Structure formats: structure tokens, C-alpha cells
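Single-structure report; data block below.
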Amino acid sequence: DTEVTQTPKHLVMGMTNKKSLKCEQHMGHRAMYWYKQKAKKPPELMFVYSYEKLSINESVPSRFSPECPNSSLLNLHLHALQPEDSALYLCASSRPDTHYGYTFGSGTRLTVV
Amino acid sequence: QQPVQSPQAVILREGEDAVINCSSSKALYSVHWYRQKHGEAPVFLMILLKGGEQKGHEKISASFNEKKQQSSLYLTASQLSYSGTYFCGTPGGTSYGKLTFGQGTILTVHP
């Protein structure tokens, strides 16, 4: 299995809702990432998990809360989001080594209304 | 700090060649290259390491000049399937995790 699976593919939520994005990989990768991508822009790093521990938080607002329950799963909990948070949220995984590339999931297209 | 890519966009006919450049203002230990088609996930193409080692796609080549802090991606005999946005990515130092992407180069290949 060489894929990163993200669910849901599309999500529309109100500013008072609570929702979660899910990401799963079975490649044995011990580094997992959340990126945010706006239209016609590059992906921007949000969080990095290494061996199931949060290692990098790129000053992301607390309305985004990551969780790594085990080595295969990564969640992103969303609460009280703003319309400007609408974007494509990408999950990626890799070996915890600078010599390997990332495998990205196809993303969750989030719209905040 | 974000690497800088050039050109911002390239339009080709099938069979033509293209070069995409990526430069950084800080020391580079490795450079990643990805391609993203519209509405799809970025796909890993290649990683270039200090010392000249390359790992990645067989039909795409790249160079890495550590002294100039630059990398170039060479797309030869382009095919329609090469169309997409190409991103270079540079790690934050020698530790993994903090991969920062350039602004992207849009490549369009016409028949």
C-alpha cells in the first residue's frame, strides 16, 4: 500500500461547527504532516508529527488541533473556523529522514460558511 | 524562508524541452521536486542531496549546485502528461520535517 488516504474529500462547515479531518497511511512512515493550500499557492506547513509526537507547530491558531492516535493515523480537529480558513488541507507522510520524499494524500477541500 | 522558482509559467508543445529553476538564500542540504496536477495531490518526483546523489523519477533529471544554492529540473521531450504545477521544496536545515515549497511553476504542454 503506497497511498495516503484522506477523508472526507469535501467538507462544508459553519463557523460554530466542530469537525475532524482524517488521514491514514500504511507505509510504515513515522513522520506525518498537515499542510494547508490556498488556490494557486504552494502548500504551507502546519504541523509535523514524528514517531507520534508533535515536533513542529508552525504557529497555527488553536482552532486547529492535530492528533496522532497511532503510527498510521493523523487527525485534524477543527473548531470555530473562519471563512479565510477555507482551503485544501493536505496530509503527507514520509520516512523520518531528510533523504526521502513525501507521499501526499489527495486532500480535503474545506469550505467554511 | 521560501525558495524562489523561475519561470512562473511555461507553455510548450509536445516534444519540446523545459528547465525550471529553484534558488534559495540559505544553505541547502537537499532539494525536493514535486508535480501537482489540478485538483490532485502533489506527487514526489525527485530529491537531490548534497554530494550529487539523486533519488527519484527515471524520465526527469535535475541538478543541484550547493555552492550557488540552486537546483534545476530538466524536462526533456515533454509529453501532455507533464502538464501541471511544479514545486521545489527545501528542508529547514539538516533535520527533516520543515519542508518549505517555492511558489510553483505552471507547465502547460500542448499537442
Side-chain angles (χ1 to χ4, degrees), chain A residues 2-7 9-10 23-25 27 29-60 66 68 74 87-109, chain B residues 1-5 8-9 20 22 24 27-57 60 62 64 71 73 84-106 108:
Chain A
T2 58
E3 287 187 344
V4 174
T5 303
Q6 288 189 245
T7 56
K9 293 195 182 302
H10 300 275
C23 173
E24 188 169 7
Q25 58 89 13
M27 294 176 282
H29 290 169
R30 301 307 295 275
M32 296 186 76
Y33 314 85
W34 281 114
Y35 278 84
K36 174 183 178 180
Q37 187 176 28
K38 291 276 204 178
K40 300 186 178 182
K41 297 290 186 182
E44 293 181 18
L45 182 64
M46 299 175 71
F47 302 104
V48 179
Y49 272 84
S50 175
Y51 293 94
E52 296 86 69
K53 292 186 178 179
L54 184 65
S55 60
I56 296 176
N57 176 340
E58 289 288 273
S59 303
V60 178
C68 190
L74 186 66
L88 180 67
Y89 288 84
L90 293 164
C91 173
S93 70
S94 74
R95 297 189 190 188
D97 189 306
T98 56
H99 291 195
Y100 292 93
Y102 293 9
T103 301
F104 281 86
S106 55
T108 293
R109 178 78 58 187
Chain B
Q1 194 163 357
Q2 185 180 39
V4 177
Q5 290 183 231
Q8 292 188 357
I20 300 172
C22 175
S24 175
L28 292 178
Y29 300 92
S30 65
V31 178
H32 295 220
W33 286 97
Y34 294 81
R35 176 173 61 213
Q36 185 176 28
K37 293 181 179 286
H38 183 68
E40 298 182 9
V43 173
F44 172 70
L45 296 176
M46 177 170 289
I47 185 169
L48 303 164
L49 307 173
K50 252 185 139 174
E53 186 179 359
Q54 297 184 25
K55 294 186 179 184
H57 207 287
I60 295 174
F64 180 24
S71 176
L73 187 71
T85 302
Y86 289 77
F87 295 102
C88 67
T90 55
T94 55
S95 59
Y96 71 91
K98 197 164 182 172
L99 191 68
T100 302
F101 290 95
Q103 80 275 25
T105 296
I106 301 172
T108 306

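All chains are named by letter (A, B, ...) in the order of the sequence lines, taking the proteins before the strands, and each is independently numbered beginning at 1. Not measured: the values here are computed from a predicted model.
- Across K98(B) and L45(A), no two heavy atoms sit closer than the pair CA-CD2, 3.8 Å.
- Only the side chain of E58(A) comes within contact range of chain B, with at least one heavy atom under 4.5 Å from a heavy atom of that chain.
- With a threshold of 4.5 angstrom between heavy atoms, E44(A) does not approach chain B through any atom at all.
- Looking at residues two or more places apart in sequence or on another chain, you find a side-chain hydrogen bond (donor to acceptor under 3.5 Å, both in side chains) between E52(A) and R30(A).
- For the atom pair OH of Y35(A) and CZ of F101(B), the computed distance is 4.5 Å after rounding to the nearest 0.5 Å.
- Of the listed residues (E40(B), H38(B), Q36(B)), the greatest number of heavy-atom pairs within a distance under 4.5 Å of chain A belongs to Q36(B).
- When each of K40(A), Q37(A), K41(A) is checked for heavy-atom pairs under 4.5 Å with chain B, Q37(A) comes out on top.
- Closest approach of P43(A) to P42(B), counting heavy atoms only: CG-CG, 4.4 Å.
- Shortest non-hydrogen contact noted between G105(A) and A41(B) is O-CB, 2.9 Å.
- Heavy-atom neighbours of K37(B) NZ from other residues, nucleotides or ligands within 6.0 Å: above the threshold of 12.
- Under the 30°/60° scheme for interplanar angles, the aromatic rings of H32(B) and Y102(A) are found to stand perpendicular.
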